[in-house]
Amino acid sequence: MALSCYLAECSGVTKYKDTAVLSANCVKTWMLDPATMLIKQCLINATTAEEVPGATLSSYLTGIAIEGFTVLSRVTGDESWGSLAIDMAVAAMKYDGWHDSNGILTVGCEWDASVNTDDKAFKGLLNRGLLVAYQRNRSNKHFCALVRSYINVQCNALLEMSCFRSSYGPDWRGPYVGPYIHAQMAAIDTLIAALGVDD
């Protein structure tokens, strides 16, 4: 979805916009959990077109959706996509299931640090999605202040509690364990996001 949105934005080609809208509607219909406003990592039965039980909420898919919906709002001129992205962003930053009591993102930290999982490697995508929403909603001062504070908490935790020289651990609460490639992947998006919200 996000790729189609960016292609539509930079090229003006209608087929990319149409594809982005179709993808966004699919994500909104099948993957968005209306109770939490977060994206579910779910499976759909190809025969019955019904959701397979056991879906979990995904921080990185939520980040990708926030990014895509934010860009789609600008591409289509339909502010409802932008409002949805902001609502999802606020919900994601406040969701207790992904954070400790200090607000540090803990997704993927319940497993062995050396084992790569999507949650560990891609958890920084939430921060990337928040950065895009921040950059494209600068007039919304309260939202931008919330995003800036949230990303700064993540970056500070990463730098202060889970860093050894130029390597970062998978659990941002520390202590540093590594080096692991999946931890560096998550850290990159978070560090870039911190640079992007540093006004």
Under 3.5 Å, which donor-acceptor pairs link side chains of residues 15-25 to any protein atom two or more places apart or in another chain?
{"residue": "T19", "atom": "OG1", "partner": "K15", "partner atom": "O", "Å": "2.8"}
{"residue": "S23", "atom": "OG", "partner": "T19", "partner atom": "O", "Å": "3.0"}
{"residue": "N25", "atom": "ND2", "partner": "V21", "partner atom": "O", "Å": "3.2"}

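- Note on V71: it does not cluster hydrophobically with V27, by side-chain heavy-atom contacts below 4.5 Å among ILVMFWY residues.
- I64 and Y6 fall into different hydrophobic clusters, defined by Ile, Leu, Val, Met, Phe, Trp and Tyr side-chain heavy atoms under 4.5 Å apart, directly or through other members.
- Residues G124 and D189 approach most closely at O-CB, 3.3 Å, considering heavy atoms.
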For residues 125-133, tabulate all N or O donor-acceptor pairs below 3.5 Å that involve a side-chain atom, not counting sequence neighbours.
{"residue": "N127", "atom": "ND2", "partner": "T190", "partner atom": "OG1", "Å": "2.8"}
{"residue": "R128", "atom": "NE", "partner": "E67", "partner atom": "OE1", "Å": "3.1"}
{"residue": "R128", "atom": "NH2", "partner": "E67", "partner atom": "OE1", "Å": "3.1"}

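- The same ILVMFWY cluster, assembled from side-chain heavy atoms under 4.5 Å apart, contains both L7 and V13.
- With rounding to the nearest 0.5 Å, the separation of CE in M161 from SG in C163 is 12.0 Å.
- To the nearest 0.5 angstrom, L57 atom CG is 12.0 Å from M37 atom CE.
- How far CH2 of W81 is from CE of M1: 8.0 Å, rounded to the nearest 0.5 Å.
- Taking both residues in full, the closest heavy atoms of Y150 and G103 are given as CE1-O, 4.2 Å, listed atom of the first, atom of the second, then distance.
- Linking Ile, Leu, Val, Met, Phe, Trp and Tyr whenever their side-chain heavy atoms come within less than 4.5 Å leaves V177 and L158 in two separate clusters.
- Note that the OH atom of Y60 and the CD atom of Q41 stand 4.0 Å from one another [nearest 0.5 Å].
- Closest non-hydrogen pair, F143 versus M93, comes out as CE1-CE, 4.3 Å.
- For the pair K123 and W98, the NZ or CZ position fails the cation-pi test of under 6.0 Å to the six-membered ring centre and within 45 degrees of the ring normal.
- The closest donor-acceptor contact from the side chain of T70 to the backbone of I66 lies under 3.5 Å.
- No side-chain heavy atom of W172 sits under 4.5 Å from any side-chain heavy atom of T106.
- The only member of L146, V197, I151 that meets side-chain contact (heavy atoms from CB on, under 4.5 Å) when paired with Y134 is V197.
- Few gaps surround NZ on K40; more than 12 heavy atoms of other groups in view lie less than 6.0 Å from it.
- Separation of atoms NE2 (H182) and CZ (F122) is listed at 11.5 Å; rounding is to 0.5 Å.
- Residues Q154 and L105 come closest through the heavy atom pair OE1-N, 2.8 Å.
- L32 places a side-chain heavy atom less than 4.5 Å from the side chain of M88.
- In this structure a side-chain-to-backbone donor-acceptor pair under 3.5 Å is present from S162 to D171.
- A distance of 12.0 Å separates CG in N156 from CG in N102, rounded to the nearest 0.5 Å.
- A single hydrophobic cluster is seen to contain both L38 and V107, as judged by linkage of ILVMFWY side chains at heavy-atom distances under 4.5 Å, directly or through other members.
- Nearest approach of G68 to C5, heavy atoms of both residues: O-SG, 3.5 Å.
- Of the possible donor and acceptor atoms, one in the side chain of S73 sits under 3.5 Å from a partner among the backbone N and O of D78.
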